[in-house]
Each structure stands twice: as C-alpha cells, then as structure tokens.
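One structure is given here, and the rest of the page talks about it.
So that the names make sense, note that chain A is the first sequence line, chain B the second, and so on, each numbered from 1.
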Number of protein chains: 2
Amino acid sequence: MTKNPAATAPAPRRNLAREVVLSLRQEIISGKLRPGAPLSEPVLSRQFAFSRAPIREALIELEREGLVQFETTGRTRVRTLAETDFDEIVEARMALESMGARRACARWTAKDTAWIERNIAAEAKASTLPELSRLDIELHEYVMRRCGNQRLLALWQSIRWQFEMCLALTHRSQQKLAFKPRSITVKAHRRLLAALASGKLEIAAQTMSAHIEESLEWSPAETPAEDAKTRAKAEGVA
Amino acid sequence: MTKNPAATAPAPRRNLAREVVLSLRQEIISGKLRPGAPLSEPVLSRQFAFSRAPIREALIELEREGLVQFETTGRTRVRTLAETDFDEIVEARMALESMGARRACARWTAKDTAWIERNIAAEAKASTLPELSRLDIELHEYVMRRCGNQRLLALWQSIRWQFEMCLALTHRSQQKLAFKPRSITVKAHRRLLAALASGKLEIAAQTMSAHIEESLEWSPAETPAEDAKTRAKAEGVA
DNA sequence: GGCGGATAAGTTGTCGACACTACACCTCAA
DNA sequence: TTGAGGTGTAGTGTCGACAACTTATCCGCC
C-alpha cells in the first residue's frame, strides 16, 4: 500500500545492529538464506565489515523474532520450520488479531475505511503472489496499529516475520498468481472491512478470526519443513 | 505450585547474561528497582563484576520483556508504566489465554485436572497477596504450557513479567491479604477448571477470557504510574 | 580398507579500551 | 539574580583480542 499513517519511526538506537537485522531478515524472508543455514558471527562480521558486537545483537533480535535459532551447542542457524509451525503461527495470529479487530472496530473511522478500500483496490490489481501477500500483511498490520493497544501490536510484530518466512517458503514453488487466491483475498477483505466498519465488536473479532483461519485453506498443502538434503545444500551455499 | 511437569529447561547459552537477567528481573518485579530508575551499563558492570557485554545482552532481553525501556537518547531505565498499561496487558492476556484455554481444553486430561486442583487447594490456604498472585500466575502458566502451541506460550511469556511488575507495583500498598480476593480467585479458578475439563472449547475460551477480565475488578483502582517525585527518588536510590 | 585418536580450524562467551554524545555543573557576564 | 556558555563527567556504540569449547580433518593403527 502507499503510506501507512502510523508508520514505524522509533528505535534509532543500536544502529549497526539494526542494519544487520534488516539485511539478514530480508535475506531470510526472501529465501536467499534457507532454513538451517549457519549464521556464524565471524563470517557475518567479515561480510558486513562490522565488529562482532553489532552482529551478535542482531542475531539476538532475529532470534527474538523467531527467524533464527540458537542451538544447544551454541551455534546459530536460520530457523528450521516443522510442519506444525505454520498452524501455530496462524493460531497465534487468530488470537492476537481477533482481539485487535475488536478494539480497532471500537475506534473505527471513515479514514480507516478509506485506507482499507485503497488497499483492497491495490490487491485486486496485484499481479504476483508476493505482491498480494505484502498487501495482505499490510492490511492486517494496519488493523493492529489501529487497535490502540501497544502490547498487542508488539506481540503481533514479534511473530510477523515468522509468518512472512513461512509464506515465502511456500510461495517459492508457485510464483505465478493463480486467479483464485486473489479474488478470495479481496472478497474476504471486503467482508472484513464491512465487519470493522459495522461497529459490532464481536462480529469484527469473529470475522477476523475466521478470515485468518480460512487463509490456511488455499495455502499450499506442502509443508515448509526442510529435509536433511535441502539443509545440507543450504549449509554448502552459506 | 509444586512442580510444573513442563518446566522450562533450555537455553543454557548466554550464561552471565542470564544471571543478570534473573537478578534484575527479580529486583524490578519485587519493586526494589522502581520504574524510572536508571540502569547504566558501567554501574551494573561494577555491581555484578561482569564485563559490559553480558550486561548489555541482559538489558536487551529485559527490554524485550517490557521491564526496561531504551530512551531515544540511548539511556536505559526501568520501564515506567502509564495508567493504560495495565489494561493493555490484561487485554493481551485475554487474547492469548482464551486461545490457549481453547487448545488446552482439547488436550485436557485427568492429570491436568489433578494439577489444577492441587493449585487451587494451595490458593485457598494462601496467606499473603503475593503468594496468591504467584499461585494464580502459575495456574495460568500451566494452561498455556498445556495448550501445545509453542508460539502462543512464547508470546504469553513475553508479557508475563510486565504483568507481574504491574501486580507488584499495585500490591506494594496492600500487603495484607483481604478475604475477598482469595475466595474470588478460588471460585473463579474452580469455574475455569470445570470449563477446561468439560471438553467444550468455546466455553473454555470464554470462561478464561471472562476470568481474566474480571480480575481487573478487584484489582486496585490506583494506577501504577509513577509521578515525577517518585521517579526522582528512585533515581536517587539507584 | 576401516576405525580411533590426535591435531587443527572454527565459533562462542567474555573482556577491556576507545571515540563520540548527552547531560550536569560550574563560571562568568549582564 | 538570572541567563548563557564552557567544561567535566558519565554513558553508549563499537572494536579487537583471548580462553574455552565444539567440530572437522588427518594420520596412524588394527
């Protein structure tokens, strides 16, 4: 979407670390860094030409976001996802976003409706699956920002990247946008908008919950889990 | 309660940092470190006799837990809480725990019922408000552990300490246990147990949500927000 | 030829040091 | 007395280095 009125601004602190976080996060989400790929501090330190301190902080941040895992041995890897992980994340989103929708509904204005309508219009014109996914996530983020509960938003953001990582892993095989997902998404978001603008809190919460749950249906059945072969390959690359 | 079967075990990594986290978290939650108190890395470094590196990591972890805030200037303080913060946290708990109860309900066993019953029995004998609070939180943690969704549990744990911090701040004035909260808590938890053991997912979720919401009622009306005077005093102490 | 052990490389956890910045205090002038 | 400016102090962000540990490699032995 164009511009998010409640755009993220703060946290100018931890600068080099922030740079590393943004870069690595992008590489993980885009799939350039595959699950299981090792993330060694000295290697990253050389790549970024930073000392190990900011690298280390960045890895801690990424671990917090669920994109990276510290093994018991101390080694760090891009997080590997099991079959159940996508379900877990969707379920967590249902919990957070249904409450978020309830609160956002209570504070809904015409401006919010206009923003969502613009987003939906962009979705209807989306030509690739990643683009559609991006618009979809931005819509959901908008609702969470509008809910007015900073904790709820923070919790949502802390699993957001895991969700995007799952999406990217499942999208890699099917880059072409099928007709179905787009029309389904647009339709579902129209229903969601109607619920949010209706002023009925329970309806908004339930519609959001149902919408997120049904996103599992047209999501690929293939599991994002990586088998040993893929992982070995990823290690070789990185 | 006695022993939690799904006790936390992992993360032996980042050892000194972990020690600092546990220590500082305890001091913040217990109220020894008041909101607004400065947390300078060199000072803590001297106190713990560690280098600044583990201290720094610990502060990042505590910031993640919401107990500590980084100011735009870079300074670090014990987080100050506004009037709305307690509501925000309770609302987030409602979102997470109602979903947690739904899932736990689906996997409920007689052993779980027995554990909760022991907890409730201990609550009925609790003699202080902090003790009752501890048992209360342990019960809720048990349900979240039993829900089987690691993400949901992780999200819950990431706001747990904020909740305990709020509790401690509001409890400081009323150390003596009034008759009412204890009987109310025990009664509510009996209802909750019945719902969880009933096998009816929606009932379990709604009961949990209502239970958490009503905890706002007998919670102190006084806000945990710190005024300038208290904050200045806290700075002087630390 | 296969296996065990010693050796080498690589990685993490921790440490002390330095530059830059923000803040507090103190001095000086109006 | 009050305000402005300069100075000193404290704190953060970053860096390179070292010890302990884990993993991989290679050699010797069976």
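Contact of the A:Leu152 side chain with the A:Glu97 side chain is not registered, since no non-hydrogen atoms from C-beta on lie closer than 4.5 Å. Considering only heavy atoms from C-beta on, B:Glu91 stays 4.5 Å or farther from A:Arg151 through its side chain.
Counting to the nearest Å, the C1' atom of C:dT12 and the CZ atom of A:Phe70 are 11 Å from each other. For A:Arg18 and D:dT14, the CZ to C1' distance is 18 Å, given to the nearest whole Å. When the C1' atom of D:dG13 is taken as reference, atom CD of A:Glu19 falls 14 Å away, rounded to whole Å. The CD-P distance, from A:Glu41 to D:dA17, rounds to 16 Å in whole Å. Note: CZ (B:Phe48) to P (C:dC15) measures 13 Å, nearest angstrom. Here D:dT12 presents its P atom at 10 Å from CD of B:Glu71, a figure rounded to the nearest Å. Separating the CD atom of B:Glu57 from the P atom of D:dG13 is a distance of 14 Å, rounded to the nearest angstrom. In this entry the distance linking CZ of B:Arg77 with P of C:dA22 reads 16 Å, nearest Å.
Residue A:Arg56 places its side chain closer to C:dG13 than to any other of C:dG13, C:dT11, C:dA22. Closest to the side chain of B:Ser51, out of C:dG13, C:dC15, D:dT12, is C:dC15. Ranking C:dC15, D:dC15, D:dT12 by closeness to the A:Leu16 side chain, first place goes to D:dC15. In this structure, of C:dT11, D:dT12, D:dT22, it is D:dT12 that holds the atom nearest to the side chain of B:Pro42. Side-chain proximity of A:Arg75 to D:dC15, D:dT23, D:dG11: nearest is D:dT23.
Of the two residues contacting DNA chain D, namely A:Thr73 and A:Phe50, the nearest-nucleotide position lying further toward the 5' end is that of A:Phe50.
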- Message: B:His140 vs B:Arg93, test: side chain to side chain donor-acceptor pair (under 3.5 Å). Steps then yes/no.
- Response: CA-CA 10 Å; B:His140 286 265; B:Arg93 279 191 59 196; 3.2 Å; yes
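Defined by atom type and a distance below 3.5 Å, a donor-acceptor pair is present between the side-chain atoms of B:Asp112 and B:Thr109.
An OP1 or OP2 oxygen of D:dG11 is reached within less than 4.0 angstrom by a side-chain nitrogen or oxygen of B:Ser40. Contact annotation: A:Arg52 does not reach the phosphate of D:dG16 (side-chain N/O to OP1 or OP2, under 4.0 Å).
When each of A:Gln162, A:Gln157, A:Glu164 is checked for a side chain to side chain donor-acceptor pair (under 3.5 Å) with A:Arg160, only A:Glu164 meets the rule.
Across all strands shown, B:Leu44 has no heavy atoms under 4.0 Å from either base or sugar-phosphate atoms.
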